[in-house]
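Here the structure is a predicted model, which is why all the values come from computation and not from measurement.
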Amino acid sequence: MPADRSEALPAARRPHRLAGGQPGLLEPGASTDPYRLRLYRILRTDFPLGYDPGLGAWLLSRYADVALALTDPRFTGYPRDGAPRGPVPAPLGLCRGSLVCTPLPGSGTDPVPGSTPATASAVERAAYVLARRIAGRDQADLVAEFCRWLPAGLSSPELNAPFRTGGGTADCARHTGLRERALASFLANMLDDPDLLAAVAGGAGPGAGPGSEAGTGMLLGRAWTETLRRDPPVQIVLRRTRTEVRVSGGTLPAGAPVACLIGAAGRDPARFAAPDRFDPLRADADPLLTGPAGCPAALLGRLEAEHGLRALLTAMPGIRWADGFRPASSGVLTRGPRTLLVRPS
């Protein structure tokens, strides 16, 4: 595994503090990198429950508290009350919680449960077309030339036909910005680990048997889940209390807006071993942070990640980072790499 991208930072750089010493979530500098600024760490350790006036909500940063807010019926949606109330997790990650969007039934046979052969084929075709277009370049930006175009090209009514529910096309499947960020984070994590890339390429390459391909699909699925834990595209999910709720840092009042810091919870050392490390094989993986099972946007996102990486490795077996480039993410509400410079061969 590659070395951890730790949160360590020289003491001169600290997140801006509000009155009382609590870090300000929307204060200058916080959106650059809340991980390396220790913002999430400080909140988890010293301010597990605090009010952020800029966001207008109480902050929950520990995994146990965030999990409670996402699943307990004492919490509901905010600003509207139509979001699920336990035990179904609240909308998060790629799911927007549309009132006309319902989870798809799992097929039980597809590598990605709930997907259809037609949808998977459409994603695969689009991924290979985009990969071949950049295969001959000396250098390419995967965000601008791949991650942005793959979700956008898959938002047509024809492709979304399998996701029609309640008389309308699934709203969350039409919004592609979050899937772009999730795909970029997934590719960044995979390209950072040559051993993982070799395992994927070997299991899906020429001569690989059905068992190898199935094993590769399982590995990619775990890598996708790990990406949504370690680098979630949505860092904050808003909820509202229906009654007083006791959490680890105190008591939330009834009717209070609550900001669940998904980015902080996903790297809580009380829940995850070596939380900053990208490890698809970790024994403490948790599907809670991937969002509701069967959400059309989540299903499309996983298909785009799996077929996208396979297409890139097929068209560009020697793909690697451009000389001197290191991926960097930004954002504190939504987050992902803005650029992924690679040498295709």
Side-chain angles (χ1 to χ4, degrees), residues 18-20 22-27 30-31 34 39-40 42-44 46-103 166 170-172 175 177-178 228-229 232-268 271 286-298 331-335:
L18 303 173
Q22 177 183 316
L25 199 64
L26 301 182
E27 295 299 317
S31 64
L39 188 151
Y40 288 157
I42 293 171
L43 287 172
R44 284 193 308 260
D46 301 332
F47 302 93
L49 179 62
Y51 187 79
D52 190 307
L55 196 61
W58 293 87
L59 304 182
L60 296 180
S61 53
R62 293 178 176 174
Y63 175 88
D65 295 332
V66 169
L68 182 75
L70 293 178
T71 59
D72 194 289
R74 291 174 295 174
F75 292 82
T76 186
Y78 183 81
R80 69 162 185 257
D81 291 343
R85 298 171 181 170
V88 178
L92 79 159
L94 302 180
C95 182
R96 298 174 60 89
S98 170
L99 294 178
V100 299
C101 172
T102 57
D171 177 65
C172 57
H175 295 269
L178 294 180
L228 294 183
R229 176 202 69 83
V234 175
Q235 296 274 302
I236 300 174
V237 171
L238 295 178
R239 303 289 276 163
R240 183 176 64 83
T241 57
R242 302 177 66 209
T243 184
E244 284 191 356
V245 181
R246 178 73 180 175
V247 293
S248 66
T251 300
L252 287 164
V258 178
C260 300
L261 306 187
I262 307 300
R267 299 203 194 185
D268 187 344
R271 173 61 181 83
D286 189 344
L288 174 68
L289 299 180
T290 63
C295 169
V332 75
L333 298 178
T334 61
R335 185 171 177 80

Could you measure the distance from the [atom1] atom of [X] to the [atom2] atom of [Y]? Nearest 0.5 Å is fine.
X: Leu25; Y: Leu55; atom1: CG; atom2: CG; result: 6.0 Å
X: Ile42; Y: Phe47; atom1: CD1; atom2: CZ; result: 8.0 Å
X: Leu60; Y: Phe75; atom1: CG; atom2: CZ; result: 6.0 Å
X: Leu289; Y: Leu228; atom1: CG; atom2: CG; result: 8.5 Å
X: Arg74; Y: Arg239; atom1: CZ; atom2: CZ; result: 12.5 Å
X: Tyr40; Y: Gln235; atom1: OH; atom2: CD; result: 3.5 Å

Check [X] against [Y] and note the closest heavy-atom contact, atom names and distance.
X: Leu70; Y: Cys260; result: CD2-SG, 4.4 Å
X: Pro257; Y: Gly56; result: CG-O, 3.3 Å
X: Leu288; Y: Ala67; result: CD2-CB, 3.6 Å
X: Gly263; Y: Pro232; result: CA-CG, 3.9 Å
X: Gly331; Y: Pro34; result: O-CD, 4.1 Å
X: Ile262; Y: Val234; result: CB-O, 3.8 Å

Is there a side-chain contact (heavy atoms from CB on, under 4.5 Å) between Leu59 and Gln22 once you walk through the steps? CA-CA 11 Å; Leu59 304 182; Gln22 177 183 316; 3.7 Å; yes
Backbone N/O of Ala64 and side chain of Arg271: donor-acceptor pair under 3.5 Å: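 Checking the backbone N and O of Ala64 against the side chain of Arg271, no donor-acceptor pair under 3.5 Å is found.
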Applying the side chain to side chain contact (heavy atoms under 4.5 Å, CB included) test to Val247, which of Val258, Thr241, Leu68 qualifies?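 For Val247, the side chain to side chain contact (heavy atoms under 4.5 Å, CB included) test succeeds with only one of Val258, Thr241, Leu68, which is Leu68.
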Intermediate values then yes/no, side-chain contact (heavy atoms from CB on, under 4.5 Å), Val332 and Leu39: CA-CA 10 Å; Val332 75; Leu39 188 151; 5.7 Å; no
For residues 248-265, pull every pair meeting side chain to side chain donor-acceptor pair (under 3.5 Å), keeping only residues two or more places apart or in separate chains.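 Output for this query lists Arg62-Ser248, Asp65-Ser248, Arg246-Thr251.
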Minimum side-chain heavy-atom gap Ser61-Leu261 below 4.5 Å: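 They are in side-chain contact.
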